[in-house]
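In the text below, chain A, chain B and the rest are named by the order of the sequence lines, each starting its count at 1. The shown structure was predicted, so the numbers you read here are calculated from the model rather than taken from an experiment.
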Protein chains: 2
Amino acid sequence: MKGIDQRVTEFEHQLRKAGLRMTQQRRLILRVLAEADDHPDAKGIFTRAFVHDPTLSLSTVYRTMKLLETQGAIERHAFEDGVSRYEHADQAHHDHLIDIETGKVIEFSSPEIEELQAKIAAKLGYEIVRHKLELYGRKLGGKTRRRRPGA
Amino acid sequence: MKGIDQRVTEFEHQLRKAGLRMTQQRRLILRVLAEADDHPDAKGIFTRAFVHDPTLSLSTVYRTMKLLETQGAIERHAFEDGVSRYEHADQAHHDHLIDIETGKVIEFSSPEIEELQAKIAAKLGYEIVRHKLELYGRKLGGKTRRRRPGA
DNA sequence: AACGCAGTTGCGAATGAATTGCGATAAGGC
DNA sequence: GCCTTATCGCAATTCATTCGCAACTGCGTT
Ligand SMILES: [Mn+2]
Ligand SMILES: [Mn+2]
Ligand SMILES: [Zn+2]
Ligand SMILES: [Zn+2]
């Protein structure tokens with residue numbers, strides 16, 4: 001892994017610059033996010049953090065996620081399950097493939113697609129500010145359908 | 001336009017096949033959807049339909065949208081404004097570009113991107129069942145920034 | 001090291017979209 | 001037309017997320 005404390009400190013500077021404060025709760029949530037390698041929702045983040053601080057409230061998680069989002073420290077996703085899911089933003093841009101049977105989220109990136117998107121937008125007279133590309137699919141070959149023995 | 005009544009009749013057959021009924025409300029909502037050239041949400045559909053039948057309820061609109069969706073008659077979108085938006089599904093697949101300043105939704109389609117998506121999914125061992133591609137951008141050149149007169 | 005004032009938090013209440021239970025109503029097969 | 005039952009209108013409910021507010025705490029100042 002690469003410096004969780006470093007990220008926290010980094011974020012603390014961002015906060016200071018905006019007259020905001022680095023609290024125990026924010027530090028904890030930041031740690032949980034840095035340790036996550038998936039895309040947890042607010043409740044999930046709350047659950048993981050609650051273990052380390054049983055006084056933490058879900059409201060604070062929501063408020064912190066909103067803060068982190070406006071500060072550009074995390075990204076919010078709205079996959080088909082209806083709830084908002086988050087991930088820290090200190091990684092290269094990528095899009096997601098969701099396994100519709102297991103819910104597993106796989107990350108990928110395609111410079112070609114990104115380029116085509118920009119080209120399409122330009123042709124329509126627009127510049128892309130952000131975008132969302134989500135593929136929902138099912139595993140290939142997994143359940144290999146073999147011919148019925150009797151046939 | 002191309003046969004609104006035809007679409008209604010077509011859908012009526014689908015319903016019959018499933019032991020369901022074609023009601024006045026469904027007929028009306030179907031008509032509203034067929035006449036729409038945008039991506040209205042439930043409340044918007046309700047408002048348009050309410051004009052023709054003041055006894056219609058919003059619940060029925062929601063129930064009907066769900067029904068239409070499971071029957072594959074419409075597509076549901078979840079753009080960034082949080083509410084579900086709908087459009088009839090009897091048109092070729094396309095994706096959307098949303099003007100982040102006006103909210104205007106522009107449709108487009110790119111066979112190249114579609115192909116790349118399939119290729120990426122395949123490489124990851126998946127087949128795509130459905131996908132969501134939304135570009136959020138702002139108009140280019142619109143507000144041409146002219147040099148300040150005094151400068 | 002104590003002080004003071006915003007910025008923050010926990011908690012419960014409020015929102016708002018979407019769903020649902022239920023008694024009344026109306027499709028549509030016979 | 002009659003009867004069964006799918007559907008409707010309405011009110012109540014659900015669920016994620018936001019908010020109001022009093023208590024609390026980070027942190028620059030004295
Ligand atoms: Mn990701
Ligand atoms: Mn469309
Ligand atoms: Zn992308
Ligand atoms: Zn597409």
Does anything in [range] form a salt bridge (Lys or Arg N to Asp or Glu O under 4.0 Å)? List the pairs, not counting sequence neighbours.
| range | value |
| --- | --- |
| residues 34-46 of chain B | B:Asp38-B:Arg48 |
| residues 119-129 of chain A | A:Glu127-B:Arg138 |
| residues 58-78 of chain B | B:Glu69-B:Arg76 |

Would you please test B:Glu114 and B:Leu133 for side-chain contact (heavy atoms from CB on, under 4.5 Å) and show each step?
-> CA-CA 10 Å; B:Glu114 301 290 327; B:Leu133 171 57; 5.7 Å; no
For residues 54-75 of chain B, which residues have at least one heavy atom under 4.0 Å from DNA chain D?
->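 Only B:Thr55, B:Leu56, B:Ser57, B:Ser59, B:Thr60, B:Arg63 qualify.
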Within residues 19-46 of chain A, find the residues that approach DNA chain D with a heavy atom at under 4.0 Å, and present them sorted by residue number.
-> A:Arg21, A:Met22, A:Gln24, A:Lys43
Taking only residues two or more places apart in sequence or in another chain, which ones pass ring-ring contact (aromatic ring centres under 6.0 Å, His included) with A:His88?
-> none
Could you pull out all residues at least two apart from A:His96 that satisfy ring-ring contact (aromatic ring centres under 6.0 Å, His included)?
-> A:His39, A:His77, A:Phe79, A:His94
Relative orientation of the end axes in the helix from C:dA1-D:dT30 to C:dC30-D:dG1, expressed as an angle to the nearest 10° (five pairs per end) =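 Here the helix ends are tilted 30° relative to one another.
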Pairs where residues 113-135 of chain B contributes a residue and the test ring-ring contact (aromatic ring centres under 6.0 Å, His included) is met, not counting sequence neighbours = B:His93-B:His131
Under 4.0 Å from any heavy atom of chain A: name the first and the last nucleotide of DNA chain C that qualifies, 5' to 3'.
->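 It runs C:dA6 to C:dG12.
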With distance as the sole test, does B:Arg16 use its side chain to make a donor-acceptor pair with the main-chain N or O of B:Phe11 at under 3.5 Å?
->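 No: the side chain of B:Arg16 does not pair with the backbone of B:Phe11.
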Ignoring hydrogens and geometry, is there a side-chain-to-backbone donor-acceptor pair from A:Tyr136 to A:Glu80 under 3.5 Å?
-> yes
Would you mind checking if A:Lys139 and A:Asp99 are paired as a salt bridge, meaning a charged N to carboxylate O distance below 4.0 Å?
->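 A:Lys139 and A:Asp99: not salt-bridged.
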Pairwise distance CG(B:Leu97) to CG(B:Leu135) - rounded to 0.5 angstrom = 5.5 Å
Reported CD1-to-CD1 distance for the pair A:Ile120 and B:Ile106, which is rounded to 0.5 angstrom |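 Here the interatomic distance stands at 12.5 Å.
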Could you check A:Met65 against A:Ile74 for side-chain contact (heavy atoms from CB on, under 4.5 Å), going step by step and ending with a plain yes or no?
-> CA-CA 8 Å; A:Met65 297 323 287; A:Ile74 61 169; 3.2 Å; yes
Taking atom C1' of D:dT25 as reference, at what distance in whole Å does atom CG of A:Asp53 sit?
->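 Roughly 14 Å, once rounded to whole Å.
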Determine all donor-acceptor pairs shorter than 3.5 Å in which one atom belongs to a side chain in residues 50-61 of chain B; sequence neighbours excluded.
{"unit_1": "B:Asp53", "atom_1": "OD1", "unit_2": "B:Thr55", "atom_2": "N", "d": "2.9"}
{"unit_1": "B:Asp53", "atom_1": "OD1", "unit_2": "B:Thr55", "atom_2": "OG1", "d": "2.6"}
{"unit_1": "B:Asp53", "atom_1": "OD2", "unit_2": "B:Thr55", "atom_2": "OG1", "d": "3.4"}
{"unit_1": "B:Ser57", "atom_1": "OG", "unit_2": "B:Thr60", "atom_2": "N", "d": "3.2"}
{"unit_1": "B:Ser57", "atom_1": "OG", "unit_2": "B:Thr60", "atom_2": "OG1", "d": "3.1"}

Base, sugar-phosphate alone, or nothing: which one does B:Arg76 contact when heavy atoms must sit under 4.0 Å apart?
->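 Counting heavy atoms under 4.0 Å across all strands, no contact is made by B:Arg76.
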Show the numbers, then the answer: is there a side-chain contact (heavy atoms from CB on, under 4.5 Å) between B:Met22 and B:Val8?
-> CA-CA 9 Å; B:Met22 172 53 74; B:Val8 175; 4.3 Å; yes
Any residue of residues 79-89 of chain B with a heavy atom less than 4.0 Å from an atom of DNA chain C | B:Val83, B:Ser84
